[in-house]
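In this text, all values refer to a predicted model and were calculated from it rather than measured experimentally. Every heavy atom of this structure was used, including side-chain atoms; hydrogens, water molecules and symmetry mates were not.
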Amino acid sequence: MSTPSTTTYVLVHGAWHSGQVWDRVVPLLARAGHRVFAPSLTAHGEKAHLLSPEVGLDTHVADIVGLLVGEDLTDVVLVGHSYAGMVTSSVAHRVPERIAELVHIDAMVPADGESAIDVMPVTQSMIDLAAGSEAPWRIPPLPEMPPPMGLFGVTDPADIAWLRTMVSDESVRCFQQPARLGNPAADAIPRTHIHCVGSEPEGLIRRPVPATQPNGAPSQVWELRSGHDCMITVPAELAALLLKFG
């Protein structure tokens with residue numbers, strides 16, 4: 001629960017990552033007096049051993065709903081990075097009464113019934129590549145590319161080495177399961193979009209943000225000069241933006 005001077009942040013990592021990816025941001029928010037949770041989703045980080053074909057979007061939604069309910073968190077700023085926009089959008093429709101703000105960081109933001117493949121069709125190419133492997137249900141992390149793309153937008157060698165310690169395979173079901181967004185109470189939740197710009201992969205098409213939010217307010221879109229994993233490359237700048245929503 002948040003107090004008038006304290007905000008509760010729940011930071012949700014994207015596909016292939018773990019909660020550790022937020023390690024440079026968490027202390028900056030905590031130092032400002034806020035509560036911060038950065039869990040690893042099922043099959044990632046300390047839960048990597050749970051990877052199976054049955055792990056999907058619904059599993060990850062249940063992870064975050066379980067955290068919010070189990071810790072009795074309310075007035076939460078719920079932050080989703082990349083694939084986690086699928087997760088946080090779905091969570092908002094499960095427990096809208098617990099969420100004060102949704103923040104989408106370079107995120108997949110679905111409509112009701114859409115999967116990650118629908119939101120970002122290039123995802124299908126990764127599934128197709130894995131189809132001929134011994135475990136077609138496991139999607140390995142994206143490969144490192146030449147700068148400025150690097151590994152998830154990270155180009156510093158030391159940072160890449162650190163990032164490699166936390167990435168692991170993703171279950172294909174995470175990209176195939178549809179988001180279920182049928183609760184009209186979630187429309188009242190304010191939402192903000194943060195786009196990482198300056199080193200986008202060639203051919204990437206970002207879905208346009210509608211001019212108005214579901215609650216009728218003008219859409220809020222911020223930009224960070226960063227690669228995709230901005231919590232690694234520009235943690236101070238990202239934390240400063242997140243503190244605006246506290």
Side-chain angles (χ1 to χ4, degrees), residues 1-51 54-105 107-110 166 168 170-171 174 177 179-192 194 215 231 235 238-246:
M1 180 178 298
S2 300
T3 68
S5 59
T6 302
T7 297
T8 298
Y9 291 89
V10 174
L11 312 178
V12 187
H13 65 82
W16 301 293
H17 292 59
S18 76
Q20 186 183 0
V21 77
W22 300 102
D23 277 4
R24 295 176 179 175
V25 174
V26 169
L28 301 178
L29 299 177
R31 200 174 300 147
H34 304 299
R35 297 181 73 195
V36 190
F37 296 81
S40 289
L41 298 172
T42 294
H44 296 285
E46 70 277 12
K47 304 172 186 174
H49 63 286
L50 299 176
L51 180 65
E54 286 70 44
V55 173
L57 174 62
D58 289 351
T59 311
H60 293 159
V61 173
D63 287 339
I64 302 304
V65 170
L67 171 66
L68 299 182
V69 174
E71 296 286 341
D72 194 21
L73 304 180
T74 57
D75 298 320
V76 170
V77 176
L78 183 59
V79 180
H81 175 244
S82 197
Y83 155 79
M86 301 288 300
V87 179
T88 56
S89 296
S90 301
V91 169
H93 285 256
R94 288 277 300 275
V95 286
E97 70 281 0
R98 294 183 177 272
I99 300 170
E101 177 111 18
L102 281 173
V103 181
H104 301 300
I105 303 176
M108 298 181 181
V109 183
M166 68 184 84
S168 59
E170 196 74 49
S171 168
C174 297
Q177 276 193 322
R180 293 182 292 213
L181 312 179
N183 188 345
D187 289 348
I189 301 171
R191 48 206 76 190
T192 297
I194 299 174
N215 64 6
M231 67 289 295
L238 176 58
L241 270 183
L242 294 177
L243 288 170
K244 293 179 181 291
F245 316 128

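- For the residue pair N215 and P190, the shortest heavy atom distance occurs at ND2-CA, 3.9 Å.
- Side-chain atoms of E101 never come within 3.5 Å of backbone atoms of V77 as a donor-acceptor pair (strictly under, hydrogens ignored).
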Side-chain donor-acceptor distances from residues 238-246 under 3.5 Å, at least two apart:
none

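- In this structure, the side chains of T88 and I64 stay at 4.5 Å or more apart for every pair of heavy atoms.
- Partners of H93 according to the ring-ring contact (aromatic ring centres under 6.0 Å, His included) rule, which considers only residues two or more places apart in sequence or in another chain, do not exist here.
- For S168 (side chain) and A48 (main-chain N/O), no donor-acceptor pair under 3.5 Å exists by modelled atom type.
- Closest approach of I189 to L102, counting heavy atoms only: CG2-N, 3.9 Å.
- Considering CG of L41 and CG of L50, their distance stands at 11.5 Å, rounded to 0.5 Å.
- Ring geometry, Y9 versus H34: the interplanar angle exceeds 60°, so the pair is classed perpendicular (tilted spans 30 to 60°).
- Checked by atom type and distance alone, the side chain of H13 never pairs as donor or acceptor with a backbone atom of S40 at under 3.5 Å.
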Using atom types as modelled, flag every donor-acceptor pair under 3.5 Å from a side chain in residues 19-33 to any protein atom, sequence neighbours excluded.
| from | atom 1 | to | atom 2 | distance (Å) |
| --- | --- | --- | --- | --- |
| R24 | NH1 | D159 | OD1 | 3.2 |
| R24 | NH1 | I232 | O | 2.8 |
| R24 | NH2 | D159 | OD1 | 2.8 |

- Passes side-chain contact (heavy atoms from CB on, under 4.5 Å), L51 versus H49? Steps please. CA-CA 6 Å; L51 180 65; H49 63 286; over 6 Å; no
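- Within the model, atoms CH2 of W16 and OG of S82 stand 7.5 Å from one another, a figure rounded to the nearest 0.5 Å.
- When all heavy atoms of G85 and S89 are compared, the pair lying nearest together is O-OG, 2.7 Å.
- By the 4.5 Å heavy-atom criterion applied to side chains, D75 and T8 are not counted as neighbours.
- Residues L181 and P110 share a closest heavy-atom pair of CD1-O, 3.4 Å.
- A donor-acceptor pair under 3.5 Å links the side-chain atoms of H60 to the main chain of T42, judged by distance alone.
- Between D63 and P39 there is no side-chain heavy-atom pair separated by less than 4.5 Å.
- Atom-to-atom distance recorded for M231:CE and I105:CD1 is 5.5 Å, nearest 0.5 angstrom.
- Checking side-chain atoms of T59 against main-chain N and O of G56 turns up a donor-acceptor pair under 3.5 Å.
- In this structure, NE2 on H81 lies 10.5 Å from CE on M108, to the nearest 0.5 angstrom.
- You'll find the side chain of V103 reaches within 4.5 Å of the side chain of I194, heavy atoms only.
- With R98 contributing its side chain and L73 its backbone, the two residues share a donor-acceptor pair below 3.5 Å.
- A distance of 10.5 Å separates CD of E170 from NE2 of H17, quoted to the nearest 0.5 Å.
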